[in-house]
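To find a chain, count down the sequence lines: A is the first, B the second, and so on, and within it residues start at 1.
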Number of protein chains: 2
Amino acid sequence: MARYEQIAGDLRDAIVRGDYPIGAQLPSEAELALRYSAARGTVRQAVALLAAEGLVGSRQGARRIVLGSERSQSFAELHSFAQWARSMGYRASGTVLSSRRRRCSPSEAVRLSLEPGEEVLDVLRLRRLDGEPVLVERTVYAGWIAPAVERLDPECESVTQELYESVGLVFAYGEHLIDAVAAGSEDARLLEVRRGSPLLRQRRVTTTQEGRPVECSDDRYRAGSVTFSIRNSTAANPLVRRAAD
Amino acid sequence: MARYEQIAGDLRDAIVRGDYPIGAQLPSEAELALRYSAARGTVRQAVALLAAEGLVGSRQGARRIVLGSERSQSFAELHSFAQWARSMGYRASGTVLSSRRRRCSPSEAVRLSLEPGEEVLDVLRLRRLDGEPVLVERTVYAGWIAPAVERLDPECESVTQELYESVGLVFAYGEHLIDAVAAGSEDARLLEVRRGSPLLRQRRVTTTQEGRPVECSDDRYRAGSVTFSIRNSTAANPLVRRAAD
DNA sequence: AGCTCTGGCTTGTTTGTACAAGTTCGCCTA
DNA sequence: TAGGCGAACTTGTACAAACAAGCCAGAGCT
């Protein structure tokens with residue numbers, strides 16, 4: 001682990017612990033550099049991490065200020081339903097309801113960088129938290145990863161983790177579109193809500209570290225079960241609002 | 001404008017223009033340093049910006065890869081409905097439907113760091129895109145900014161910008177919770193949809209650069225009018241999924 | 001008392017250097 | 001031909017130094 005990550009971790013712990021309550025000033029960079037016997041640049045990398053997490057605010061000329069004390073785990077939590085659930089203290093489970101190969105549509109070909117008509121794997125999963133159905137996941141996997149996905153246990157808890165362990169696949173980048181839709185009849189039946197009731201939809205495309213698209217998915221959460229949270233600052237975070245398709 | 005921002009802008013333009021299409025490699029840091037007559041550190045700051053925006057991916061040892069070519073303006077767009085609308089080519093308008101002072105509730109006192117019972121300003125706004133109502137905004141402003149808000153034109157297009165120009169107020173940090181809810185009867189009437197139809201809700205708290213909370217708001221978008229978009233990578237972006245309140 | 005202004009403190013930007021660690025690709029060998 | 005090896009390349013981390021720019025409090029003045 002890098003030195004600046006250690007320092008960031010140390011400071012984060014101190015903030016979470018309440019050593020620096022909300023509104024308090026952080027020590028100056030020079031002081032921190034001295035305390036950790038590190039160069040100022042290294043300390044800056046550390047506090048930049050905290051700023052990106054929204055824990056501290058920064059203004060040129062003034063001491064850094066503590067803005068919050070909630071820790072957020074960023075990427076991993078956005079991707080792995082199971083990991084997120086575990087960290088929140090829920091018991092996650094899931095079932096594959098259908099899984100079949102087919103030729104990809106033109107729009108999927110674009111999103112997954114495939115040749116038109118190439119084969120893809122279509123998977124429908126229902127996910128539960130503590131037994132309650134909360135999420136319908138309709139995922140399209142690129143053909144090259146399909147065999148590994150088909151080998152997975154249908155009741156498999158964490159797809160992300162299993163794929164990592166079986167073929168070393170790492171989900172590294174993602175684009176996510178979040179909006180609200182009415183439950184269709186299938187959604188309604190699976191999630192045990194009335195047709196037309198509000199669902200939170202997350203559409204995403206995920207790629208490997210090399211930029212190779214792996215999957216695109218349409219996930220629908222039952223209203224009231226899940227919330228997305230973003231911290232942003234003037235200096236960071238590519239969250240934008242877009243017009244609907 | 002800082003040198004690294006110029007370089008980042010230049011590279012961003014090149015990517016958007018298609019000089020570096022999706023999947024292409026960016027020049028190495030050394031080459032960019034030479035091209036821009038800058039130190040490698042400066043170039044690194046520039047490409048780090050692009051990486052944070054999700055435009056390029058980074059892996060130690062390998063050339064940087066272009067992941068996307070859509071420009072996102074990050075913070076500003078998340079905050080100013082008017083600015084966002086303008087950048088998307090829409091004509092934004094809005095009306096203040098009600099505005100009244102009252103004592104804050106205990107939960108508001110916590111979120112806005114106020115004394116319990118302190119005065120706040122409650123504003124209900126309806127926002128339109130090209131004349132279509134798309135957003136109901138219920139905002140609670142801290143008492144200290146209330147006078148400036150009350151002086152605003154009820155038809156004011158961009159609250160953010162007006163507050164900046166009139167009192168120099170800058171919204172610098174924000175926390176946002178996004179989920180889906182069913183339209184209440186007031187929502188339904190204002191947005192011209194049926195009661196119970198799905199809405200995308202964004203709750204937020206905004207603070208100044210000093211960490212002083214300015215407002216908290218409950219914004220509800222008509223389904224199909226707006227989506228939120230996030231790009232994330234293993235290394236960045238504090239977006240998380242949370243259980244509902 | 002209230003105001004201005006200045007000097008010291010703090011963060012922001014840039015350059016330069018060095019080494020660590022991961023990737024890529026060609027060459028060589030079995 | 002398939003596989004292993006290594007050299008060159010590329011990004012990541014760390015240190016040191018200098019100056020720019022913004023903030024703040026206290027000194028001094030009105």
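As a whole-Å value, the separation of B:Arg3 CZ from C:dT15 C1' is 12 Å. The interatomic distance linking A:Gln209 (CD) with C:dA21 (C1') rounds to 14 Å, in whole Å. Distance CD1 (B:Ile7) to P (C:dT13): 13 Å, rounded to an integer number of Å. One atom, CZ of A:Arg63, and another, P of C:dG8, lie 17 Å apart when rounded to the nearest Å. Residue A:Gln60 contributes atom CD, which lies 14 Å from atom P of C:dT10 at whole-angstrom precision. Between the CE atom of A:Met1 and the P atom of D:dT13 there is a distance of 11 Å, rounded to whole Å. Atom CD in B:Gln25 sits about 9 Å away from atom P in D:dT11, given to the nearest Å. Atom C1' of nucleotide C:dT11 and atom CD of B:Glu210 are separated by 15 Å, given to the nearest angstrom.
In this structure, A:Arg3 contributes its side chain and A:Tyr36 its backbone to a donor-acceptor pair below 3.5 Å. With B:Arg241 contributing its side chain and A:Ser80 its backbone, the two residues share a donor-acceptor pair below 3.5 Å.
Along DNA chain D, the nucleotide nearest A:Gly61 and the nucleotide nearest B:Arg64 are compared for position; the residue whose nucleotide lies closer to the 5' end is B:Arg64. In this structure, A:Ala30 and B:Ala38 both approach DNA chain C, and ranking their closest nucleotides by distance from the 5' end singles out A:Ala30.
With distances taken from any side-chain atom of A:Ala39 to the nucleotides D:dC15, C:dG12, D:dG12, the minimum falls on D:dC15. The side chain of B:Ala2 approaches C:dT14 more closely than any other nucleotide in the set C:dT14, D:dT13, D:dG12.
A:Arg102 has its side chain within reach of A:Val120: a pair of non-hydrogen atoms, C-beta onward, lies under 4.5 Å apart.
Within the structure, every side-chain polar atom (N or O) of A:Arg44 is placed at least 4.0 Å from both OP1 and OP2 of C:dT10. Between A:Ser58 and C:dG12, a side-chain N or O to OP1/OP2 separation shorter than 4.0 Å is present. For the OP1/OP2 pair of D:dT13 and a distance below 4.0 Å, the side-chain nitrogens and oxygens of A:Thr42 include no atom meeting the criterion.
Side chain A:Arg40 to base C:dG12: a donor-acceptor pair is found below 3.5 Å. Contact of A:Arg59 with C:dG12 (side chain to base): no donor-acceptor pair of N or O atoms is detected under 3.5 Å.
Heavy atoms of other residues, nucleotides or ligands lying less than 6.0 angstrom from CD of B:Glu165 number more than 12.
Note: A:Leu169 CG to A:Gln209 CD = 10.0 Å, rounded to the nearest 0.5 Å.
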